[in-house]
Every structure is written in C-alpha cells, then in structure tokens.
Undergrad: 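Below: one structure in structure tokens.
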Amino acid sequence: MYLLYGSNGSGSASVEAALALSGAEYQVVQTPTADGMHLTEDFKAINPRQQVPALRLPDGSVMTEGSAMMLHLADAIPAARLAPAPGTPARAQHDRWLVFMAVNIYEGELRKGYSDRYTDDPAGVEGVRTSADVYVKRHHAILEEAIVGPFILGPERSMADIYLWMLAGWMDQEWLTAHCPKITALAARIAQDPSVAPIHATHFG
Ligand SMILES: N[C@@H](CCC(=O)N[C@@H](CS)C(=O)NCC(=O)O)C(=O)O
C-alpha cells in the first residue's frame with residue numbers, strides 16, 4: 001500500500017493520477033498546505049523540507065520530489081506501461097521532458113506562488129511574480145513545440161504526460177488554449193480518463 005501525503009491543487013495531483021492509472025493500492029493522507037498541515041512536527045518527520053507531495057512506499061520508506069515519484073512508479077509497476085523501458089532512447093526523451101518540467105515549469109510556478117520567498121525587498125515581490133510568469137510561459141511554449149502528438153513522445157501516454165496535465169491545470173486556461181493547443185488537448189485527454197477524472201475534479205474542479 002502506498003501512502004501519498006498531498007494537498008488539493010498541489011504537486012501531489014500528478015502522483016495521485018499516476019497511482020490511479022498504475023492500478024496501485026494507495027491512500028491519500030490529506031495534508032492541506034492552506035491549513036499549515038505541512039508545517040507540523042509530525043509532517044516534518046516525514047519530509048524535513050515540509051512540502052507535499054511525500055510518498056510512503058509499501059516497504060515503509062519515504063520519498064519526496066514528485067517527478068522522482070513518477071519515475072519510480074513507472075519502474076516499480078512496469079505492467080502499467082507508463083514510461084518507455086529503462087535504458088532505451090525513448091526513455092531518455094521521457095526522462096528529459098519530465099525533468100525539464102520539474103526544474104523549469106514547476107520551479108517557475110513556485111516563484112509565482114511564493115514570490116515573497118525569492119526576494120528580501122518587498123518592492124521586488126511583484127517583479128519576481130511577473131518574471132516567473134513569463135518564464136513559465138516560455139517553457140510551456142518550448143514543450144508545445146516538442147510534443148510529437150497526441151502525447152509528448154507520440155501515441156503512447158506516459159508519466160510525463162500525466163505531469164504535464166497537472167502543470168497545465170495550474171496555467172491561465174485562456175492563455176494555454178490560445179498559445180499551446182497541443183498541451184491543451186493532451187491535458188484534456190488525461191483529464192478525461194475515467195481513473196483521472198475524479199482526481200481532476202478534486203484538484204482543479
Ligand atoms: N520540489 C518539490 C516541490 C514541492 C512543493 O513545492 N510543494 C508545494 C505545493 S505544490 C508545497 O508543499 N508548498 C508548501 C510550502 O512550501 O510552504 C517537488 O517537486 O515535489
């Protein structure tokens with residue numbers, strides 16, 4: 001049994017969708033960041049960084065970093081076929097784009113959402129937010145160009161697509177529809193999957 005420490009609208013959405021699509025046995029331990037549940041001593045013992053998601057594996061060990069969880073689940077549950085086989089060129093591209101999204105787009109979203117943490121100057125907060133917004137959009141545009149279609153790598157859905165569905169959900173939908181039609185369509189396909197639809201409603205409804 002996997003235990004996913006998560007919060008609605010957070011980076012736990014992609015891991016929850018990955019667990020559901022993998023057919024894994026799992027439970028979500030609600031850790032709402034809006035209520036400060038990630039700041040408790042109990043949660044600090046689970047993730048010293050005091051962020052969600054955190055994932056407790058069936059052996060009791062804990063991992064953090066949502067993108068690493070996606071890669072781990074792909075390899076731990078290969079029957080779900082949510083990533084190309086390890087060591088193949090296709091897998092290299094899969095991992096490339098997943099990490100691209102984690103270190104650029106997710107990171108940029110944090111600068112948008114927690115702008116005050118990125119400057120000591122109160123007058124600079126809005127500038128951090130607006131430059132992060134431009135940065136996130138620029139990286140969506142790069143990804144848009146790279147999508148083979150209908151999914152990132154071609155006809156097969158992968159963990160990278162599930163991750164992109166989450167990031168797309170955080171975007172201004174009007175901007176995304178106008179500038180990134182491939183991402184918009186891909187995210188809609190993931191959202192409409194019967195296993196993901198209730199998770200989509202919980203995180204983005
Ligand atoms: N690098 C981490 C980032 C996790 C993260 O920033 N989570 C946010 C929610 S999306 C969080 O817990 N924020 C609460 C806080 O930082 O106070 C990952 O990719 O999983």
Side-chain angles (χ1 to χ4, degrees), residues 2-22 24 26-57 61-76 82-83 94-120 125 128-129 131-133 135-137 139-140 143 152 158-173 176 187 190-191 196 199-205:
Y2 290 90
L3 286 186
L4 174 64
Y5 299 85
S7 180
N8 288 350
S10 80
S12 61
S14 61
V15 184
E16 193 175 340
L19 286 162
L21 285 168
S22 299
Y26 74 97
Q27 273 178 11
V28 177
V29 182
Q30 294 298 341
T31 313
T33 54
D35 299 341
M37 292 306 288
H38 60 307
L39 301 175
T40 62
E41 285 304 311
D42 280 355
F43 189 69
K44 195 175 179 180
I46 294 164
N47 182 4
R49 183 63 182 82
Q50 295 182 285
Q51 289 178 326
V52 291
L55 184 66
R56 193 178 291 283
L57 307 186
S61 61
V62 172
M63 70 181 295
T64 62
E65 301 304 325
S67 52
M69 294 170 203
M70 307 296 279
L71 293 170
H72 171 70
L73 290 172
D75 292 340
L82 285 171
H94 175 270
D95 296 358
R96 168 197 179 185
W97 289 115
L98 185 62
V99 173
F100 174 91
M101 290 186 271
V103 304
N104 292 301
I105 302 180
Y106 196 145
E107 188 275 337
E109 288 290 354
L110 294 178
R111 281 190 279 128
K112 278 165 64 182
Y114 300 104
S115 309
D116 57 323
R117 295 182 184 174
Y118 293 83
T119 176
D120 293 331
V125 173
V128 170
R129 199 196 62 74
S131 67
D133 186 53
Y135 184 89
V136 165
K137 287 174 175 163
H139 286 82
H140 271 279
L143 194 50
I152 296 176
S158 72
M159 289 293 188
D161 299 300
I162 300 166
Y163 200 80
L164 181 53
W165 152 76
M166 173 181 76
L167 298 178
W170 294 342
M171 289 301 284
D172 173 340
Q173 295 302 299
L176 196 70
I190 299 288
V196 179
I199 298 169
H200 184 89
T202 302
H203 286 273
F204 301 113

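Throughout, numbering of the chain's residues begins at 1 and tracks the sequence. Read the numbers this way: they start at 1 and go in the same order the structure lists the ligands and their atoms. Hydrogens, waters and symmetry mates play no part in the numbers below; they use all other heavy atoms, side chains included.
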Undergrad: Please write down residue, atom name and distance for the protein heavy atom closest to atom 14 (C) of ligand 1.
TA: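 Looking at atom 14 (C) of ligand 1, the protein heavy atom closest to it is Tyr114 OH, 3.1 Å.
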
Undergrad: Flag the pair Arg129 and Asp133 as a salt bridge only when some basic side-chain nitrogen lies within less than 4.0 angstrom of an acidic carboxylate oxygen.
TA: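 Answer for the salt bridge query: no.
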
Undergrad: What part of Leu39, side chain, backbone, both or neither, has a heavy atom within less than 4.0 angstrom of ligand 1?
TA: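 Neither; nothing of Leu39 gets under 4.0 Å from ligand 1.
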
Undergrad: Side chains of residues 31-43: which donor-acceptor partners sit under 3.5 Å, not counting sequence neighbours?
TA:
unit_1 : atom_1 : unit_2 : atom_2 : d
Thr31  : OG1    : Val29  : O      : 2.9
Thr40  : OG1    : Met37  : O      : 3.2
Thr40  : OG1    : Phe43  : N      : 3.1

Undergrad: Tell me, which protein residue and heavy-atom name are nearest atom 12 (O) of ligand 1, and how many Å apart are they?
TA: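 Sorting protein heavy atoms by distance from atom 12 (O) of ligand 1 puts Val52 N, 2.9 Å first.
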
Undergrad: With side chain to side chain donor-acceptor pair (under 3.5 Å) as the rule and sequence neighbours excluded, what pairs involving residues 161-171 come up?
TA: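 Passing the test, one end in residues 161-171: Ser158-Asp161, Trp165-His200.
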
Undergrad: Less than 4.5 Å apart, side chain to side chain, heavy atoms only: is that true for Tyr2 and Leu57?
TA: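 A side-chain contact under 4.5 Å exists here.
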
Undergrad: Kindly confirm or rule out an N or O of Gln51 lying under 3.5 angstrom from an N or O of ligand 1.
TA: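 Yes, since at least one N or O of Gln51 sits under 3.5 Å from an N or O of ligand 1.
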
Undergrad: Considering only heavy atoms from C-beta outward, does the side chain of Met159 approach that of Ser22 to under 4.5 Å?
TA: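 In contact.
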
Undergrad: Is the closest heavy atom of Ser67 to ligand 1 under 4.0 Å?
TA: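 No, that is not the case, since the closest heavy atom of the residue is not under 4.0 Å from the ligand.
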
Undergrad: Does His38 reach ligand 1 with a nitrogen or oxygen that is under 3.5 Å from one of the ligand's nitrogen or oxygen atoms?
TA: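 Yes - when backbone and side-chain N and O of His38 are compared with those of ligand 1, one distance drops under 3.5 Å.
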
Undergrad: Any N or O of Pro53 that comes nearer than 3.5 Å to an N or O of ligand 1?
TA: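 It does not: no N or O of Pro53 is found under 3.5 Å from an N or O of ligand 1.
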
Undergrad: So which protein heavy atom does atom 10 (S) of ligand 1 come closest to, and at what separation?
TA: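 The protein heavy atom lying closest is Tyr106 OH, 3.0 Å.
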
Undergrad: Arg117 near ligand 1, heavy-atom distance under 4.0 Å?
TA: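 Judged by the 4.0 Å heavy-atom criterion, Arg117 does count as contacting ligand 1.
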
Undergrad: Just wondering, do Glu16 and Tyr26 contact through their side chains at under 4.5 Å, heavy atoms?
TA: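 Tyr26 vs Glu16: side chains touch.
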
Undergrad: When you measure from atom 20 (O) of ligand 1 to every protein heavy atom, which one gives the shortest distance, and what is it?
TA: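 Protein heavy atom with the smallest distance to atom 20 (O) of ligand 1: Gly66 N, 2.9 Å.
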
Undergrad: Using a strict 4.0 Å cut-off to heavy atoms of Gly11, name the atoms of ligand 1 that fall inside it.
TA: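 In order of number, 10 (S).
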
Undergrad: Less than 4.5 Å apart, side chain to side chain, heavy atoms only: is that true for Arg49 and Thr64?
TA: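 Sidechains of Thr64 and Arg49: no contact.
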
Undergrad: With only distance considered, is Glu65 within less than 3.5 Å of ligand 1 through an N or O on each side?
TA: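 By distance alone, the answer is yes.
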
Undergrad: Any heavy-atom pair between the side chains of Leu71 and Asp95 that's under 4.5 Å?
TA: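 Side-chain contact under 4.5 Å: yes.
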
